[in-house]
Amino acid sequence: VVAWTGMITAYVQCKEYLLAQKCFAKMQEEGPKPNIVSWNAIIATYARHGDGVPALECFQNMQINGLKPNKVTFSAILKACCCIGAIEQGRLIHEQVIESGLQSDIVVRNTLVDLYARSGNFEEAHVVCNGLASRNLLTWGSIIAGHAQCGNVKLALQCLENMQCEGVKPDGVIFSSILAACSHAGLVDLGVTYFKSMSDYHGILPDICHYTCMVDLLSRSGYLNEAENLLQIIQPD
RNA sequence: UGACGCGAGCGGG
């Protein structure tokens, strides 16, 4: 079983998802019975591909085969639900998570937060987020990105403050979300302020993504000269 | 016990 599963995971690591899936099919036909790790590996291939439907089928199938999902299974399948916007499925799986007592796992919780935040269900996202244990940078990142995507700059900025109050330091990804939100809302001054604060207060070097955001922000609002000036600053690469 | 899982933004195409 370990040998077969090793084959599958090797294919997954090389991004040879089709080969991994073929290998799994062959294992089911003529190899030993797949164990939890084999199933998790194959579910992960679908989840990474954004193929939510086959991922869910596998998830059902493994349970039919009498295997109980573990925290690895849950994080993979929740990611799959997130990709295809299967919020209802996600809620059902959320219940299963609670039944299994795995809701305290930080990775599982982050995938749940991500699922809810990206689908605009912020109340549920916050409930998961407030549930006991530690939030980390990734948890906040999901929530802020969710707010940013909904065009809710105020809430995104509020989250930024809240996370800093808790002693979590924002990283470059967080600022990308913030800048993007400002861009969509046409809040040029605010965006510029945060862009400056990155290097001034947070010790984060803006990367190409941030410059792209700023150019986008400036030119959308008609500050074409400023946008061109910024372009000059960026090192050709 | 672990061979499996672990979040993200803009624009363009």
Worksheet entry | Euclidean distance, atom CG of residue A/Asn70 to atom C1' of B/U1 [Å, nearest integer] | 13 Å
Worksheet item: Do the two ring centres, one from A/His147 and one from A/Phe122, sit under 6.0 Å apart?
Response: yes
Fill in: Separation of atom NZ in A/Lys68 from atom C1' in B/G2, rounded to whole Å
19 Å
Worksheet item: Hey, are the side chains of A/Asn162 and A/Glu166 touching, using non-hydrogen atoms and a 4.5 Å cut-off?
Response: no
Practice prompt. Would you please indicate if the ring centroids of A/His94 and A/Tyr116 are separated by under 6.0 Å?
Written response: yes
Item to complete: Measure the distance from CD1 on A/Ile106 to P on B/G7 and round it to the nearest whole Å.
Response: 13 Å
Practice prompt. Classify the nucleic acid contact of A/Asp207 as base, sugar-phosphate or nothing, counting any heavy atom under 4.0 Å across all strands shown.
Written response: nothing
Item to complete: Please indicate whether A/Glu123 has more than 12 foreign heavy atoms, meaning atoms of other residues, nucleotides or ligands, lying under 6.0 Å from its CD.
Response: no
Worksheet item: Rounding to a whole Å, what distance do you find between A/Leu190:CG and B/C10:P?
Response: 18 Å
Worksheet item: Considering only B/G7, B/C4, B/C10, which nucleotide approaches the side chain of A/Thr9 most closely?
Response: B/C4
Item to complete: Remember a base hit wins even if backbone is also touched, and classify A/Ser75 as base, sugar-phosphate or nothing at under 4.0 Å, heavy atoms.
Response: base
Discussion item. Looking only at the side chain of A/Ala44 (C-beta and beyond, no hydrogens), which of the listed nucleotides B/G5, B/C10, B/G7 gets closest?
Written reply: B/G5
Worksheet item: Closest to the A/Asp105 side chain: B/G11, B/A3, B/G5?
Response: B/G5
Worksheet item: Do we see a donor-acceptor contact under 3.5 Å between the side chains of A/Glu16 and A/Gln21?
Response: no
Discussion item. Can you measure A/Met27 atom CE to B/A3 atom C1' for me and round it to whole angstrom units?
Written reply: 11 Å
Worksheet item: Say you pick atom C1' in B/C6 and the same atom in B/G2; how far apart are they, in whole Å?
Response: 15 Å
Worksheet entry | Donor-acceptor pair present, A/Asn40 side chain and B/A3 base, under 3.5 Å | no
Worksheet entry | Nearest-nucleotide pick for A/Val37, side chain only, options being B/G11, B/G7, B/A3 | B/A3
Worksheet, complete the sentence: Per atom distances to the A/Asp171 side chain, the nearest of B/G11, B/G7, B/G5 is B/G7
Response to the item:
When rounded to whole Å, the CG to C1' distance for the pair A/Leu230 and B/C10 reads 14 Å
Item to complete: Classify the nucleic acid contact of A/Asp216 as base, sugar-phosphate or nothing, counting any heavy atom under 4.0 Å across all strands shown.
Response: sugar-phosphate
Discussion item. Looking at B/G5, I'd like to know if its phosphate oxygens (OP1 or OP2) sit under 4.0 Å from a side-chain N or O belonging to A/Lys71.
Written reply: no
Worksheet item: Would one find a side-chain N or O of A/Arg109 under 4.0 angstrom from OP1 or OP2 of B/C6?
Response: no
Response to the item:
Quick note, A/Thr5 side chain, CB onward, closest among B/G11, B/A3, B/G7 is B/A3
Worksheet item: If you look at every strand shown and take non-hydrogen atoms under 4.0 Å, does A/Cys209 touch a base, only sugar-phosphate, or nothing?
Response: base
Item to complete: Report the nucleotide, chosen from B/C4, B/C10, B/G7, that has the shortest atom-to-atom distance to any side-chain atom of A/Thr212.
Response: B/C10
Fill in: Nearest to side-chain heavy atoms of A/Val72, which nucleotide of B/A3, B/G5, B/G7
B/G5
Worksheet item: Which nucleotide in the list B/A3, B/G2, B/C10 gets nearest to the side chain of A/Asn35?
Response: B/A3
Discussion item. Any base atoms under 4.0 Å from A/Ala145, or only sugar-phosphate, or nothing? Heavy atoms, all strands.
Written reply: sugar-phosphate
Fill in: d(CG, A/Asp114; C1', B/G7) in whole Å
5 Å
Fill in: Value in whole Å for how far the P atom of B/C6 lies from CZ of A/Arg118
13 Å
Practice prompt. Indicate whether the side chain of A/Thr73 and that of A/Asn70 have a donor and an acceptor atom separated by less than 3.5 Å.
Written response: yes
Discussion item. Considering every strand and a 4.0 Å limit on heavy-atom distances, what is the contact class for A/Ile77: base, sugar-phosphate, or nothing?
Written reply: nothing
Item to complete: Using only side-chain N and O atoms of A/Arg48, determine if any of them is under 4.0 Å from OP1 or OP2 of B/C6.
Response: yes
Worksheet item: Looking at the rings of A/Phe24 and A/Trp39, which for Trp means the six-membered one, are their centres under 6.0 Å apart?
Response: yes
